[in-house]
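All ligand and atom numbering here is 1-based and tracks the order in the structure.
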Amino acid sequence: MKAITVVPGKAGSAQLADFDEPPEGDGPVLVETMAVGVCGTDLEIFAGEYGWAPPGHERLVLGHESIGRVAEAPDGSGLTKGDFVVGIVRRPDPVPCYSCAAGEWDFCRNGQYTEHGIKSLDGFMRERYRALPDALVKLDSELGALGVLLEPTSVVAKAWEQAERTGNRAQWRPERAVVTGAGPIGLLAALIGVQKGLEVHVIDQVTEGLKPDLVAALGAHYHTGPIASACDSPDVVMECTGVGALVFDAIEHVGSGGVVCLTGVSPTGRNLEVDAGLVNRDLVLQNEGIVGSVNANRRHYEAAGEALAQADSGWLAKLITRRVPMEQFAEALERRADDVKVVIEIGGGN
Ligand code: BGC
């Protein structure tokens with residue numbers, strides 16, 4: 001079968017080539033991959049800046065945002081041929097630490113977790129893979145191929161959960177949220193914010209085109225410029241860019257008792273001058289909470305499935321701005337100005 005692989009740490013090493021069939025030892029469920037989304041993490045791996053191959057291997061199969069269909073599943077697995085499934089990205093560490101032992105691998109304490117397509121486990125940009133039933137999430141068949149959005153939605157479902165848990169340290173009645181960044185993560189964060197009944201303000205740089213339209217279609221408000229000019233004292237800021245200046249803008253302008261949730265993974269080595277005294281004063285005098293959030297466990301995938309099921313499928317479909325056949329995968333790994341979510345069509349399970 002064909003797979004898209006890279007040599008982690010080596011820019012320009014990506015290739016589409018023949019790859020071994022998935023070994024039976026990977027699990028009894030055989031999944032045919034339909035499509036895989038591309039995100040910033042994939043681009044970093046592609047550029048040789050992130051990623052680890054499985055032990056003893058030179059190459060890593062890319063891809064962690066998948067949708068596929070079950071081709072074979074054992075009786076009693078809860079899965080049957082034809083089911084739409086998404087592979088859970090992170091797997092618990094082998095020790096396991098107390099978080100992984102409790103199913104909260106997203107909070108792995110010892111760093112020995114693995115991630116499909118990212119860290120020491122092959123990903124989903126291949127025609128078929130095998131998995132254990134509990135490493136898969138079954139999707140509402142009405143969502144169908146749009147289920148490729150489940151993994152990024154799981155990441156924001158977790159971020160919202162973390163923001164709410166932080167806010168609920170005390171009496172908390174959030175009304176207004178700011179989302180920084182109108183990429184897939186920002187737009188999905190805005191979707192969930194609107195579903196929660198919040199007044200949502202999304203900030204990005206572009207002044208026209210699909211992003212402002214998608215925000216407006218949610219009933220949210222689109223802005224360019226700083227947080228203070230978009231919304232006065234938001235209760236929550238979902239930071240979805242990883243841009244240092246925006247992180248500190250969020251900390252400075254979140255409302256009293258508010259929460260800043262950071263989801264963007266930034267490159268290192270960028271310096272910024274900040275008034276450390278002011279940041280500390282704000283945090284203390286206003287009981288602000290800052291929480292970082294990465295990855296997702298099963299309950300976040302389930303919450304994400306509910307969010308997608310409630311969303312307008314026409315709106316979700318518009319998030320996918322390019323579909324690229326597997327043979328032309330290199331085009332999917334180019335950033336284009338009007339991209340929101342780019343998906344590589346693997347073609348299985350159709
Ligand atoms: C993935 C997460 C993963 C993180 C760090 C993100 O792109 O969506 O599942 O934990 O990268 O590797």
For this session: Would you sort out whether Ile346 and Phe329 count as a side-chain contact (heavy atoms from CB on, under 4.5 Å), showing the intermediate values?
Result: CA-CA 10 Å; Ile346 309 289; Phe329 75 91; over 6 Å; no
Seminar exercise, completed: Minimal heavy-atom distance between Gly87 and Ser66, with the atoms involved, is N-OG, 3.4 Å
Problem set entry | Parallel, tilted or perpendicular: rings of His221 and His223 (30°, 60°) | tilted
Problem set entry | Residues Lys2 and Asp18 bridged, charged N to O under 4.0 Å | yes
Exercise. Using 4.0 Å as the upper bound for N to carboxylate O, is an ion pair formed by Arg130 and Glu21?
Worked result: no
For this session: Would you please write out the protein residues whose heavy atoms approach any atom of ligand 1 to under 4.0 angstrom, listed by chain and number?
Result: Cys39, Thr41, Tyr50, His64, Val89, Arg90, Glu115, Ile118, Glu151, Val155, Val294, Asn295
Exercise. Would you say Arg298's side chain and Leu136's backbone share a donor-acceptor pair under 3.5 angstrom?
Worked result: yes
